[in-house]
There are 2 protein chains.
Amino acid sequence: MTTAAADGWLDALAKDRGDLDRSSTAERVADKLRTSVLDGDIKPGRQLNEKALGEALRVSRNTLREAFRLLTHERLLVHEYSKGVFVRRPDAADVVDLYAARRIIECGAVRRWPDADDRARQAVRDAVDLGLTSREKDDWTGVGTANVKFHQALTALAGSARLDEEVKRLLAELRLAFHVMGDHEDFYRDYLPQNQAIVGHLDAGLVRQAEDALLAYLDQAENHLVTGLRGDLRGDLPGTVPGE
Amino acid sequence: MTTAAADGWLDALAKDRGDLDRSSTAERVADKLRTSVLDGDIKPGRQLNEKALGEALRVSRNTLREAFRLLTHERLLVHEYSKGVFVRRPDAADVVDLYAARRIIECGAVRRWPDADDRARQAVRDAVDLGLTSREKDDWTGVGTANVKFHQALTALAGSARLDEEVKRLLAELRLAFHVMGDHEDFYRDYLPQNQAIVGHLDAGLVRQAEDALLAYLDQAENHLVTGLRGDLRGDLPGTVPGE
DNA sequence: CATCGAATATTGTTCAACGATACTTCAATC
DNA sequence: GATTGAAGTATCGTTGAACAATATTCGATG
C-alpha cells in the first residue's frame with residue numbers, strides 16, 4: 001500500500017484542483033452573465049443579442065452560445081427557436097410550481113434531520129447565525145443571502161449533491177421572480193425569526209413542528225410572490241422590454 | 001370583445017403547437033445520442049470522438065458539441081477539459097446520491113396523494129396496470145418502462161413540472177448504472193408486486209403505509225444496484241473501454 | 001527500464017459565410 | 001379603416017475551415 005492513510009495530501013491537492021480546470025471561456029462568460037441576470041442588471045424578458053453581446057464580451061458567437069446553453073439549463077434564460085435567448089420572466093404559475101418543488105424537497109430534507117451528518121446540521125445553525133449578525137449590522141443584502149444559505153443547508157440534510165444542485169437552481173429562478181415584481185429588499189426581514197424557530201424546533205428534537213413551520217414559511221413566501229406577480233400585469237411579451 | 005370565452009378552440013391549438021418548433025439539429029442529434037446511450041448501444045465510459053461522430057451523423061463539430069452540452073447537463077455524458085466527452089459511468093457513490101434524492105422526492109410526492117389531481121392519481125394506477133399486462137405478455141422490457149412510468153407518475157402527484165423533469169433525469173442516470181453492472185433484465189420482475197401494493201395502500205387511504213412500502217422498495221433497489229456496482233471493479237479509467 | 005522529447009491526434013476557440021426564420025414596413029385590397 | 005400580402009431587414013441556425021492549446025503515442029536516449 002503506497003497510498004497509506006498518512007499521506008493524504010494527494011487527495012487534498014486533487015480536491016483543490018477542481019477549481020483549476022474551470023477555465024472554459026464559455027463557463028466564465030456564463031458566470032458573468034449569471035451574476036448580471038441574478039443581480040437584476042439584465043432585466044427579465046430582455047433579449048440577449050448574440051452579435052452585440054459577443055462583441056461586448058470579446059468572445060465568438062459559438063462560445064457565447066455555449067454559455068447560453070449553460071444558463072438556459074439553469075432556467076435563467078429561455079431559448080426560443082430562431083428568435084434568440086431571453087432572460088427568463090417567471091410568472092405566477094412558475095412560482096406555484098417552484099414552491100411545490102421546494103415543499104417536497106425541503107420538507108423531506110428537514111425530516112431527515114435526525115439521520116443527517118453533524119456538519120450538515122451545523123451548517124443550518126450557521127446560516128441562521130449569519131442572518132442574525134447581518135441584521136445587527138443592518139446588512140439586509142446579507143440577510144437575504146443568509147436566507148438562501150439557510151434553505152440550501154436544509155436541503156443538504158438529505159445528503160444528495162443532485163438535490164442540492166436542483167434547489168440551487170430553484171432558488172436562482174426564484175430570485176428572477178423577485179426582479180420581475182420589483183425587488184422588495186425587506187422581503188427577508190420577516191422570515192429570519194421563522195428560520196430561527198425552525199432551528200429551535202430541530203434542536204429540541206421536534207422535527208414535525210419544524211416541518212410545519214417550514215411549510216408555513218413556504219406558504220407565506222409563495223403567497224407573497226404570487227400576489228406580487230399578479231399585480232404586475234405589464235407586458236406579456238417575452239422579448240422586448242421598454243426600459244433602457 | 002372578439003375573443004369571447006365561448007371559442008376556446010384557440011387555446012387548444014396554442015397548446016398543441018408546442019411540438020412544432022422543436023426542430024433544432026443539435027436537439028435532434030442529442031435525441032439520437034440519448035437513446036443510444038440509454039439503450040446501452042454506447043457503453044458507459046466510452047469516449048465520443050467529435051470528428052468521427054460528426055462525420056457519422058453528418059453534422060458539423062459545432063452542432064455536435066451543442067448536442068454534447070445538452071446531454072452533459074442531463075448527466076448522461078461527462079466532459080473532461082481538453083480530453084473530450086465520455087458516456088457517464090455512475091459508481092456506487094452516485095447511486096447512493098441518486099437514491100437519497102429519489103427518497104426525498106418520491107416519498108414527498110406520495111404523501112400528497114390526497115391533495116393530488118385526479119388525473120395524476122389515475123396515471124399511477126395506469127402505470128401499474130401497464131406493468132401487469134406487459135408481464136402477462138412476457139414483455140419484460142415493457143415491464144421495465146412501466147416501472148419507470150410508475151415512479152414518474154408518483155412524482156407527478158406533487159404537481160411540479162420542475163420536479164418531474166428532475167426525476168426524469170435521475171431515472172435516466174440510473175439506467176446508465178444498470179448498463180455499468182451489466183443489465184439484468186429480470187431486475188424489475190420482483191418490483192411489480194411492490195408497486196401494486198403501494199397503489200393498494202393509496203387507494204385504501206393508507207398514505208403512510210404506501211410511503212413505507214415505497215421506502216422499502218427504494219432501499220432494496222439501491223442495495224441491488226450498489227452491490228452490483230461494487231462487484232464490478234474493472235477499469236477505473238473514465239475513457240477507453242476494451243470492447244469494440 | 002525509466003525518462004525525456006518529438007510527432008501525432010484530439011480538443012478549444014474563433015471566424016466567415018450562407019441559408020433559414022422571424023420581424024418590420026408598407027402598399028394593395030376589400 | 002382594417003386586414004392581407006409582399007419586399008426588405010435583422011437575427012438566428014449551421015457549416016466548414018483554420019489555428020492554438022492540450023493530450024497521447026511512441027521512439028530515442030541514458
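Each chain gets a letter, A, B and so on, in the order the sequences are listed, and its residues count up from 1.
- In the set D/dC12, C/dA22, C/dT11, the nucleotide with an atom closest to the side chain of A/E50 is D/dC12.
- Annotation: proximity of residues 68-76 of chain A to DNA chain D (heavy atom, distance under 4.0 Å) is found for no residue.
- With rounding to whole Å, A/E66 atom CD is found 9 Å from C/dG12 atom C1'.
- Residues B/A101 and B/L170 approach most closely at CB-CD1, 3.9 Å, considering heavy atoms.
- Between B/K51 and C/dT11, a side-chain N or O to OP1/OP2 separation shorter than 4.0 Å is absent.
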Report the C-alpha separation of B/R169 and A/E166 in whole Å, then their side-chain angles, then the decisive distance to 0.1 Å, and conclude whether the salt bridge (Lys or Arg N to Asp or Glu O under 4.0 Å) test is met. CA-CA 11 Å; B/R169 278 195 292 267; A/E166 179 64 13; 3.6 Å; yes
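- Of the possible donor and acceptor atoms, none in the side chain of A/E66 sits under 3.5 Å from a partner among the backbone N and O of B/R65.
- An OP1 or OP2 oxygen of D/dC12 is reached within less than 4.0 angstrom by no side-chain nitrogen or oxygen of A/R65.
- The phosphate of D/dT11 (OP1 or OP2) has no side-chain N or O of A/H79 nearer than 4.0 angstrom.
- The closest donor-acceptor contact from the side chain of A/D97 to the backbone of B/R162 lies under 3.5 Å.
- Rounded to an integer number of Å, the gap from NZ of A/K83 to C1' of C/dT24 is 14 Å.
- The main-chain N or O of B/K83 is found under 3.5 Å from a side-chain atom of B/Q47 such that the two form a donor-acceptor pair.
- For the salt bridge (Lys or Arg N to Asp or Glu O under 4.0 Å) test, residues two or more places apart in sequence or in another chain that qualify with B/R103 are B/D219, B/E222.
- Remark: the backbone N or O of A/D91 is paired with a side-chain donor or acceptor of A/D94 at under 3.5 angstrom.
- For the pair B/Q47 and C/dT11, the criterion of a side-chain N or O lying under 4.0 Å from OP1 or OP2 is met.
- Contact check for B/R102 versus B/L174: side-chain heavy atoms found under the 4.5 Å cut-off.
- Closest to the B/N49 side chain, of the nucleotides D/dG13, D/dT11, C/dT10, is C/dT10.
- Note on B/L48: only backbone sugar-phosphate atoms sit closer than 4.0 angstrom, heavy atoms only; bases stay farther off.
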Tell me, with the steps shown, if B/D31 and B/R28 meet salt bridge (Lys or Arg N to Asp or Glu O under 4.0 Å). CA-CA 5 Å; B/D31 285 344; B/R28 263 174 297 153; over 6 Å; no
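- The nearest whole Å value for the distance from the CG atom in A/L64 to the C1' atom in C/dG12 is 16 Å.
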Contact list (N/O, under 3.5 angstrom) for nucleotides 15-21 of chain C vs protein:
residue: C/dC15; atom: N4; partner: A/N62; partner atom: ND2; Å: 2.6

